[in-house]
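Notes follow once the structure below has been shown.
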Amino acid sequence: MADLPDIDIETLRLIVAVDEAGSLSAAARDRGLSQPSASARVRAFEARWQLALLDRSPRGSTLTTDGQAVIAWARRVLTEADTMRAGLASLTGGRKGEVRVAASLTIAEFILPRWLGRLRDSMEVHPQLHVVNSDRVADMVRSRLADIGFIETAARPAGLEHRVVGADRLVVVVHPDHPWASRRTPLRPETMARAEWVLREEGSGTRSTFEAALGARPTTALQAGSTAALIGAVRAGLGPGVVSERAVAAEIAARHLVAVPTVLDLERPLTAVWRKGSRMAAATSELLRVASGG
């Protein structure tokens, strides 16, 4: 028995997902994996244990008799593993009140401090905050580097639970000397598509929201890695920019920048994300409640 290979818990979760989702491709989406990666995991498991879990055909994959037996055992193992993980998290959370948060830039700068303040009012907690773009938030939650994440995009990251906790609106801003600054009629997509833009990096919620609303990939004059850099570039006259209304309110009020009307719908949801099937520690659950307005 000592020479038997270890059991990979994440592969067991994938195999059980095949039974629940009805196919390997659907299971891969549910677990946030690519089809090739999921297939490789299952094949490695089969080779390690010298079993055939799936009958593969051009029409898809079905469970073998061995596969059905493995799934029955896997469910029991996963139940016990999740019970132990939840118990350990409860013990650790109860003593330390720690919560690891990943948040995209606008939420981290303008909204999350208020939520964390309310969280500290309700319990002793020591949050760790990682400020990254929306794509990286999802990756950190999937990889267990963060207990909960907050993103600024309508996209729903694969393999994660989600809850909309608010909304934010983007605005198009220009330098006061820009030709658009004196416009009275809203900008149309064809006009905007001809401009050279100051935008956040790919993977940010701000950029993905703008590109989805525009329905085209805009020409970029400058790609900015932060909101402050984007605002500075627009103030310097490098081109029009798209930014959260919250982030640029003071610049507009001081007339350093001008908000330009547009026909685009630039409202976006603010969304909490966490791992599917995970039981939250007390501090994480309380932060989600605070963010949801509970």
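In this text, all values refer to a predicted model and were calculated from it rather than measured experimentally. Side chains are part of it too, since the values below use all heavy atoms of this structure and drop only hydrogens, waters and symmetry mates.
Residues that satisfy the side chain to side chain contact (heavy atoms under 4.5 Å, CB included) test with Ala228, not counting sequence neighbours, are Ser226. Contacts of His162 classified as ring-ring contact (aromatic ring centres under 6.0 Å, His included), with partners at least two apart in sequence or in another chain: none. Scanning for ring-ring contact (aromatic ring centres under 6.0 Å, His included) contacts around Trp115 gives Phe150, with sequence neighbours left out. Applying the salt bridge (Lys or Arg N to Asp or Glu O under 4.0 Å) rule to Arg183 yields no partners; only residues at least two apart in sequence or on another chain are considered. For Arg188, the side chain to side chain contact (heavy atoms under 4.5 Å, CB included) criterion is met by Glu190, Val263, not counting sequence neighbours. For Gln68, the side chain to side chain donor-acceptor pair (under 3.5 Å) criterion is met by no residue, not counting sequence neighbours. Residues forming a side chain to side chain contact (heavy atoms under 4.5 Å, CB included) with Ala155 (at least two apart in sequence, or on another chain): Thr153. Applying the side chain to side chain donor-acceptor pair (under 3.5 Å) rule to Arg217 yields the partners Glu202; only residues at least two apart in sequence or on another chain are considered. Contacts of Asp66 classified as side chain to side chain contact (heavy atoms under 4.5 Å, CB included), with partners at least two apart in sequence or in another chain: Leu51, Thr64.
In this structure, Lys276 and Gly159 approach most closely via the heavy-atom pair CG-O, 3.6 Å. Minimum interatomic distance between Pro240 and Val174 (heavy atoms only, all atoms of both residues): CB-CG1, 3.6 Å. Of all non-hydrogen atoms in Ala103 and Ala108, the two that sit nearest each other are CB-CB, 4.1 Å.
Judged by distance alone, the side chain of Ser208 and the main-chain N or O of Ser204 form a donor-acceptor pair under 3.5 Å. Using modelled atom types, no side-chain atom of Glu196 and backbone atom of Thr219 make a donor-acceptor pair closer than 3.5 Å. Between the side chain of Arg100 and the main chain of Arg144, a donor-acceptor pair closer than 3.5 Å is present. With hydrogens and angles ignored, the 3.5 Å screen pairs no side-chain donor or acceptor of Arg255 with any backbone N or O of Ala253.
Using a cutoff of 4.0 Å between basic side-chain nitrogens and carboxylate oxygens, Arg142 and Asp139 are scored as salt-bridged. Ion pair Arg31/Glu10 flagged as a salt bridge, since at least one NZ, NE, NH1 or NH2 atom sits closer than 4.0 Å to an Asp/Glu carboxylate oxygen.
Put simply, the side chain of Leu287 reaches to within 4.5 Å of the side chain of Leu116, judged on heavy atoms. Side-chain atoms of Leu288 and Trp274, non-hydrogen and from C-beta on, do get closer than 4.5 Å to each other. Taking the side chain as every heavy atom from C-beta outward, Asp168 and Arg246 approach each other to under 4.5 Å. In this structure the side chain of Leu105 never reaches within 4.5 angstrom of the side chain of Asn133, judged on heavy atoms. Counting heavy atoms from C-beta on, the side chains of Gln128 and Glu98 come closer than 4.5 Å. At least one side-chain heavy atom of Val70 sits under 4.5 Å from a side-chain heavy atom of Phe45. Under the 4.5 Å side-chain criterion, counting only non-hydrogen atoms from C-beta, Met280 is not in contact with Asp147.
When hydrophobic side chains of Ile, Leu, Val, Met, Phe, Trp and Tyr are connected at separations under 4.5 Å, Ile151 ends up clustered with Val132, Val137, Met140, Val141, Leu145, Leu160, Val273.
Side chains of Ser23 and Ser25: a donor on one and an acceptor on the other come within 3.5 Å. Defined by atom type and a distance below 3.5 Å, a donor-acceptor pair is missing between the side-chain atoms of Glu109 and Thr227.
A side-chain hydrogen bond (donor to acceptor under 3.5 Å, both in side chains) with Gln223 is found for exactly one of Arg200, Glu201, Arg207, namely Arg207.
A salt bridge (charged side-chain N to carboxylate O under 4.0 Å, His left out) check over residues 149-162, counting only residues at least two apart or in different chains, returns the pairs Glu152-Arg268. Note on residues 17-26: pairs passing salt bridge (charged side-chain N to carboxylate O under 4.0 Å, His left out), not counting sequence neighbours, are Asp19-Arg75, Glu20-Arg75.
The line from OG of Ser244 to CD1 of Ile231 is 9.0 Å long, rounded to the nearest 0.5 Å.
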